[in-house]
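Proteins get letters first, then strands, A, B, ... in listed order; numbering begins at 1 in each.
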Protein chains: 2
Amino acid sequence: MLTIGTLAKRTGTKVQTVRYYEQVGLLPEPDRTEGGQRRYGDSDLDRLAFIRHARQLGFTLEAIRELLDLSDNPNRSCEDVDRIAHHQLKEVEVRITRLEALRKELTRMLGECSGDTVADCRVLEVLRDHAACLTDHGQGA
Amino acid sequence: MLTIGTLAKRTGTKVQTVRYYEQVGLLPEPDRTEGGQRRYGDSDLDRLAFIRHARQLGFTLEAIRELLDLSDNPNRSCEDVDRIAHHQLKEVEVRITRLEALRKELTRMLGECSGDTVADCRVLEVLRDHAACLTDHGQGA
DNA sequence: CTTACAAGCTACAGTCGGTAGAGGTTCAAG
DNA sequence: CTTGAACCTCTACCGACTGTAGCTTGTAAG
């Protein structure tokens with residue numbers, strides 16, 4: 001039987017986060033000691049490791065909830081798993097594209113800075129005037 | 001004199017967001033009509049455009065606050081502006097690196113999926129077992 | 001057996017950057 | 001004068017945690 005602290009340490013999670021996952025229903029309510037402290041088994045460890053790994057890959061908790069559901073039904077087709085992972089991949093690719101546009105614009109801005117006073121700072125100028133900006137960047141970051 | 005709606009439309013901002021920027025001190029408190037409605041001038045338009053543009057480039061509101069401060073003191077050296085922009089560039093680059101690792105891992109995971117049942121789904125397997133994962137991905141997304 | 005103290009507990013507030021809604025008021029056109 | 005779109009304030013909510021306050025429990029040493 002593991003304490004919450006041990007579980008957290010083994011999965012690289014904070015204790016509060018473990019409790020948070022329980023609160024939002026990603027982890028089942030564990031057994032408790034007489035005094036009310038949580039005690040976990042190996043299945044909890046596996047489940048939490050799964051969650052953490054999926055989080056590191058950028059899946060939302062909602063997606064992880066779905067993946068865990070699917071994982072609990074081994075007979076179903078893995079189509080849904082594929083769909084979720086593909087969706088995640090697409091999201092990642094969109095974000096990369098967007099960030100690369102930002103990198104380009106920031107680099108250009110910085111490259112053109114004379115290093116003089118704020119009055120003729122190229123960076124501020126670009127920020128002030130969108131027309132001076134080459135990138136057609138959309139919304140969000 | 002512009003209404004908040006007009007200001008919002010011209011800068012591609014939501015009305016609530018304009019009020020939010022005022023609340024957090026990024027926009028000054030504007031004049032009001034007798035009835036209490038906000039009325040803006042061109043300087044507000046410029047300032048809001050600056051904010052929106054910087055947001056599109058991924059700057060935090062805190063960084064934007066600093067940039068606006070610097071922008072108001074044209075005699076200062078633009079070193080600080082440079083520093084902020086460089087910091088932002090670095091952040092963007094870190095995020096790109098990270099997302100590219102994720103893309104790689106997700107692609108690999110998906111490429112290896114047999115398309116069969118959940119029981120032997122490669123995607124879930126990778127999520128279950130970090131050792132099956134090539135990428136040394138850190139934390140966050 | 002007692003004491004000390006790390007680690008656990010609950011409950012709630014805060015983070016970031018907005019967004020949404022309720023319920024009421026004002027402005028401008030017809 | 002009436003209509004109705006746009007405005008107002010206030011409050012709560014999103015995701016995914018993180019931090020704090022104030023208290024209780026578990027365990028190891030003396």
Side-chain angles (χ1 to χ4, degrees), chain A residues 1-27 29-40 44 48 50-68 87-88 91 95 98 102 138-141, chain B residues 1-27 29-40 44 48 50-68 87-88 91 95 98 102 138-141:
Chain A
M1 284 303 188
L2 309 164
T3 63
I4 195 170
T6 311
L7 190 76
K9 208 162 285 177
R10 293 230 191 131
T11 54
T13 316
K14 302 216 165 179
V15 167
Q16 295 106 304
T17 306
V18 178
R19 288 197 282 249
Y20 170 74
Y21 287 158
E22 178 187 331
Q23 192 189 308
V24 299
L26 278 177
L27 286 176
E29 290 185 26
D31 293 339
R32 300 267 188 158
T33 62
E34 296 248 318
Q37 297 196 358
R38 291 168 179 82
R39 289 298 180 266
Y40 296 93
D44 296 306
L48 182 52
F50 183 101
I51 294 169
R52 292 310 291 172
H53 196 186
R55 282 296 296 139
Q56 282 167 1
L57 287 168
F59 289 91
T60 63
L61 293 189
E62 201 40 52
I64 293 170
R65 203 186 302 276
E66 263 193 274
L67 290 170
L68 283 167
H87 178 76
Q88 174 59 15
E91 293 250 304
R95 278 198 268 167
R98 196 153 153 59
L102 297 195
Q139 43 279 346
Chain B
M1 284 306 191
L2 307 164
T3 64
I4 195 170
T6 310
L7 191 77
K9 208 162 286 174
R10 294 230 191 132
T11 54
T13 316
K14 301 214 168 181
V15 166
Q16 295 106 302
T17 305
V18 178
R19 288 197 280 250
Y20 171 74
Y21 287 157
E22 178 186 331
Q23 192 189 309
V24 299
L26 279 177
L27 287 176
E29 290 184 25
D31 293 338
R32 302 265 188 160
T33 60
E34 296 247 319
Q37 298 197 357
R38 291 169 180 81
R39 288 297 180 268
Y40 295 92
D44 297 306
L48 182 52
F50 183 102
I51 295 169
R52 293 311 290 173
H53 197 185
R55 282 296 296 139
Q56 282 167 0
L57 286 168
F59 289 91
T60 64
L61 293 189
E62 201 40 51
I64 293 169
R65 204 185 302 276
E66 262 193 276
L67 289 170
L68 283 166
H87 177 77
Q88 174 58 15
E91 293 251 303
R95 277 197 267 167
R98 196 155 152 58
L102 298 194
Q139 42 279 345

For this session: Would you check if the side chain of B/Gln37 reaches a backbone N or O of B/Arg32 as a donor-acceptor pair within less than 3.5 Å?
Result: no
Exercise. Any donor-acceptor pair under 3.5 Å linking the side chain of B/Arg65 with the backbone of B/Val24?
Worked result: yes
For this session: Please tell me which of B/Gly35 and A/Gln23 maps to the more 5' nucleotide of DNA chain C, matching each residue to the nucleotide holding its nearest heavy atom.
Result: A/Gln23
Problem set entry | Along DNA chain C (nearest heavy atom to each residue), the more 5'-positioned of A/Arg38 and B/Arg39 | A/Arg38
d([atom1], [X]; [atom2], [N]) in whole Å:
{"X": "A/Leu7", "N": "C/dA7", "atom1": "CG", "atom2": "P", "answer": "15 Å"}
{"X": "B/Tyr20", "N": "C/dA20", "atom1": "OH", "atom2": "P", "answer": "15 Å"}
{"X": "A/Phe59", "N": "D/dG15", "atom1": "CZ", "atom2": "P", "answer": "18 Å"}
{"X": "A/Glu29", "N": "C/dC9", "atom1": "CD", "atom2": "P", "answer": "13 Å"}
{"X": "B/Gln56", "N": "C/dG17", "atom1": "CD", "atom2": "C1'", "answer": "14 Å"}
{"X": "A/Arg32", "N": "C/dG8", "atom1": "CZ", "atom2": "C1'", "answer": "10 Å"}
{"X": "A/Glu62", "N": "D/dC14", "atom1": "CD", "atom2": "C1'", "answer": "13 Å"}
{"X": "B/Leu2", "N": "C/dC27", "atom1": "CG", "atom2": "P", "answer": "16 Å"}

Considering just the side-chain nitrogens and oxygens of [X], establish if one lies under 4.0 Å of OP1 or OP2 belonging to [N].
{"X": "A/Arg52", "N": "D/dC17", "value": "yes"}
{"X": "B/Lys14", "N": "C/dA20", "value": "yes"}
{"X": "A/Thr33", "N": "C/dG8", "value": "no"}
{"X": "B/Tyr21", "N": "C/dG18", "value": "yes"}

Would you indicate which nucleotide in [options] comes nearest to any side-chain atom of [X]?
{"X": "B/Gln37", "options": "D/dT25, D/dC17, C/dT26", "result": "C/dT26"}
{"X": "A/Val15", "options": "C/dG8, C/dC27, D/dA16", "result": "C/dG8"}
{"X": "B/Thr3", "options": "D/dT18, D/dC7, D/dT9", "result": "D/dC7"}
{"X": "B/Arg55", "options": "D/dC8, C/dG18, D/dG19", "result": "C/dG18"}
{"X": "A/Gln16", "options": "C/dG18, D/dT20, D/dA16", "result": "D/dT20"}
{"X": "A/Ile4", "options": "D/dC17, C/dC9, D/dT9", "result": "C/dC9"}

Problem set entry | B/Arg19 side chain reached by B/Arg38 side chain, heavy atoms, under 4.5 Å | yes
For this session: Using a 4.5 Å cut-off on heavy atoms from C-beta on, say whether the side chain of B/Glu22 contacts that of B/Leu26.
Result: no
Exercise. Under 4.0 angstrom, heavy atoms only, what part of the nucleic acid is A/Arg19 near: base, sugar-phosphate, or nothing?
Worked result: base
Exercise. Is a side-chain donor-acceptor pair under 3.5 Å present for B/Tyr21 with B/Arg55?
Worked result: no
Exercise. When you look at B/Thr6 and B/Tyr40, which way does the side chain to side chain contact (heavy atoms under 4.5 Å, CB included) test go after all the steps?
Worked result: CA-CA 9 Å; B/Thr6 310; B/Tyr40 295 92; over 6 Å; no
Seminar exercise, completed: Contacts of A/Gly36 and A/Thr17 projected onto DNA chain D by closest heavy atom; the upstream (5') one is A/Thr17
